[in-house]
Amino acid sequence: MSSFDYDKFVQELTDSLPNPEYEDLIEPIRSPPQDQKPSEFAALAATNLVEELAWASTIDDATLCATKRMEEFENFIRSRVVEEARQEINKGRADNTLLKRAFVIQHQRQKKLEEDCIREFDELKKLVSRYQEEVKKLEAEKYALAFHLKRAHSTIPGTLHQNNIF
């Protein structure tokens, strides 16, 4: 796909004039600045085309001139659309790269959080097991102390049981 060549276009326009003394009458078509809308450029191109067609000597010359200019204008618009599409694609790729990076970071954080939770859960399970064993040990000691206390009360002669005071 060829892009619009301004100098070539002006040269063809000048060469197609029937009389070189009229060159200064036709304003050359220029590429629109970035801030100029395509519709403004189209209006300028159409004005220049009409002026060029006015200088055509035959219908065939006018048709050939119009066909060339329309093809050039179509190529210009096509190249502009392709460039805009490229820019959008590049912007989309940059956004996609940024989102991928954010996803990876978020995934790593989530994975680390899960690992920390699993490690903490395992530590708490061990702690609960240890405390359960300690509770069982203390209950056994309590039972043994209660048993020894009861036995000690029953073997001491002359002790009154608190329940039999009266």
Side-chain angles (χ1 to χ4, degrees), residues 1-140:
M1 179 173 26
S2 64
S3 62
F4 181 75
D5 185 3
Y6 166 73
D7 294 327
K8 180 181 171 190
F9 178 73
V10 171
Q11 185 61 44
E12 286 178 8
L13 181 64
T14 306
D15 292 345
S16 67
L17 290 174
N19 192 337
E21 66 190 47
Y22 298 115
E23 286 182 20
D24 59 335
L25 296 176
I26 297 179
E27 178 183 332
I29 295 179
R30 57 183 171 75
S31 296
Q34 293 295 51
D35 59 342
Q36 186 177 18
K37 296 179 182 174
S39 60
E40 293 171 356
F41 179 71
L44 178 63
T47 302
N48 290 336
L49 177 62
V50 169
E51 289 175 358
E52 186 178 340
L53 291 177
W55 292 104
S57 57
T58 65
I59 295 291
D60 291 338
D61 286 345
T63 304
L64 181 63
C65 178
T67 303
K68 282 183 183 178
R69 301 306 167 244
M70 294 304 290
E71 286 174 355
E72 289 170 353
F73 184 70
E74 179 184 1
N75 288 338
F76 169 75
I77 295 298
R78 184 175 289 132
S79 67
R80 188 172 180 142
V81 167
V82 166
E83 183 59 32
E84 288 175 5
R86 262 192 207 116
Q87 290 174 356
E88 285 297 316
I89 288 171
N90 288 339
K91 183 182 175 206
R93 286 181 179 156
D95 290 346
N96 192 22
T97 301
L98 181 66
L99 289 172
K100 283 181 180 179
R101 192 176 316 143
F103 177 81
V104 167
I105 290 169
Q106 194 68 20
H107 180 71
Q108 288 172 343
R109 286 180 182 171
Q110 183 67 28
K111 189 175 179 180
K112 185 179 182 314
L113 181 64
E114 287 175 2
E115 289 171 355
D116 291 346
C117 286
I118 289 171
R119 187 174 25 258
E120 186 176 351
F121 180 74
D122 288 342
E123 289 173 7
L124 289 174
K125 280 184 5 183
K126 290 176 185 175
L127 191 62
V128 166
S129 293
R130 198 171 71 209
Y131 284 146
Q132 284 176 337
E133 289 174 15
E134 193 172 328
V135 165
K136 286 181 184 177
K137 180 181 168 188
L138 290 173
E139 286 177 347

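Sequence positions, counted from 1, serve as the residue numbers for this chain.
Within 6.0 Å of CD1 in Ile59 there are 12 or fewer heavy atoms belonging to other residues, nucleotides or ligands.
If you take CG on Leu127 and CD on Gln132, they are separated by 10.5 Å, rounding to the nearest 0.5 Å. Between Lys91 atom NZ and Ile89 atom CD1 the span is 13.0 Å, to the nearest 0.5 Å. Taken to the nearest 0.5 Å, the CZ atom of Arg86 stands 10.5 Å off from the CZ atom of Arg93. Here the CG atom belonging to Asp95 is positioned 11.0 Å from the CG atom belonging to Asn90, to the nearest 0.5 angstrom. A distance of 6.5 Å separates CD1 in Ile105 from CZ in Arg109, rounded to the nearest 0.5 Å. Between the CG atom in Leu124 and the OH atom in Tyr131 there is a gap of 10.0 Å [rounded to 0.5 Å].
In this structure, Glu133 does not pair ionically with Lys137, as no charged nitrogen and carboxylate oxygen lie closer than 4.0 Å. Remark: Glu74 engages Arg78 in a salt bridge, criterion side-chain N to carboxylate O under 4.0 Å. The pair Glu72-Arg69 counts as a salt bridge, with a side-chain nitrogen and a carboxylate oxygen less than 4.0 angstrom apart.
Across Gln106, Glu114, Gln108, a single residue satisfies side chain to side chain contact (heavy atoms under 4.5 Å, CB included) together with Gln110, and that is Glu114.
Nearest approach of Leu49 to Ala66, heavy atoms of both residues: CD1-CA, 3.9 Å.
Listed by first then second residue, pairs satisfying side chain to side chain donor-acceptor pair (under 3.5 Å) with a partner in residues 117-126 read Asp116-Arg119, not counting sequence neighbours.
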Apply side chain to side chain contact (heavy atoms under 4.5 Å, CB included) to the pair Glu83 and Ser79, showing each step before the final yes or no. CA-CA 6 Å; Glu83 183 59 32; Ser79 67; over 6 Å; no

